[in-house]
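Remember, it's a predicted structure, so these values are computed and weren't measured experimentally.
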Amino acid sequence: YEKKGFMLDTGHYLHTDLDLQTQEEAVEALHRMLDRQEDMLPYIKGIHLQQSLTGGYVKEWRQKLHKLPEDPVERFCKVYEHIFQIDRHEPFTVAGVKELVERIEPMYVTYEYITRSREELGKYLEMGRL
């Protein structure tokens with residue numbers, strides 16, 4: 001197709017490696033993935049730029065058997081609580097992120113953060129500025 005492309009969600013990619021512990025390791029992991037998929041670079045039209053380093057939580061969670069509530073509303077709340085413990089959508093705050101974005105040369109960069117208030121969103125936007 002002539003007009004094709006996709007959005008790279010950095011945080012979601014980082015969830016594929018439960019051993020990542022620092023943002024520096026996360027940036028390196030993203031570069032390694034891009035090294036392996038270099039032919040895809042021109043098709044990355046945008047980035048959901050965020051980090052989520054929750055491998056420790058996932059490893060611990062997987063060690064136990066979990067039972068969901070019977071009530072659908074309670075079940076929904078419990079599932080979302082778990083998802084937000086994994087998918088944190090926090091800003092990158094380390095050197096190297098700007099170079100990562102410049103390497104990809106996307107048309108769009110979306111700072112995809114989950115916050116509890118406008119004030120927290122403002123703080124995250126300041127922290128994650130390239």
Checklist line | Minimum heavy-atom distance between Glu25 and Gln21, given as atom pair plus value | finding: OE1-N, 2.6 Å
Item checked: Residues which pass ring-ring contact (aromatic ring centres under 6.0 Å, His included) with Phe6, listed by chain and number, not counting sequence neighbours -> none
Checklist line | Side chain to side chain, Glu28 and Arg32, heavy atoms closer than 4.5 Å | finding: yes
Check: Does atom NZ of Lys45 have more than 12 heavy-atom neighbours from other groups under 6.0 Å away?
Finding: yes
Note to self: Within the 4.5 Å heavy-atom criterion, are Ile114 and Gln50 side-chain neighbours or not?
What the structure shows: no
Next item on the list: Could you tell me whether Asp71 and Lys78 have a side-chain N and a carboxylate O separated by less than 4.0 Å?
Entry: no
Note to self: Does Glu102 have more than 12 heavy atoms from other residues, nucleotides or ligands lying within 6.0 Å of its CD?
What the structure shows: yes
Next item on the list: Flag the pair Leu125 / Tyr113 as yes when at least one side-chain heavy-atom distance between them is below 4.5 Å, and no otherwise.
Entry: yes
Check: Remaining members of Tyr57's ILVMFWY cluster at a side-chain heavy-atom cut-off under 4.5 Å?
Finding: Leu18, Val58, Trp61, Ile86
Check: Checking Gln51 side chain against Pro91 main chain: does a donor-acceptor pair fall under 3.5 Å?
Finding: yes
Margin query: To the nearest 0.5 Å, what is the distance between CG on Leu121 and CZ on Arg116?
Written below: 12.0 Å
Margin query: For His15 and Ser52, which I'm curious about, is there any donor-acceptor pair between the side chains at under 3.5 Å?
Written below: yes
Notebook entry, point to check: Is it true that a side-chain atom of Gln23 and a backbone atom of Thr93 form a donor plus acceptor pair closer than 3.5 Å?
Noted result: yes
Note to self: Side chains of Leu8 and Met33, heavy atoms from C-beta outward: is any pair under 4.5 Å?
What the structure shows: yes
Note to self: Tell me the closest heavy-atom pair linking Leu68 and Arg75, and the distance in Å.
What the structure shows: CD1-NH1, 3.9 Å
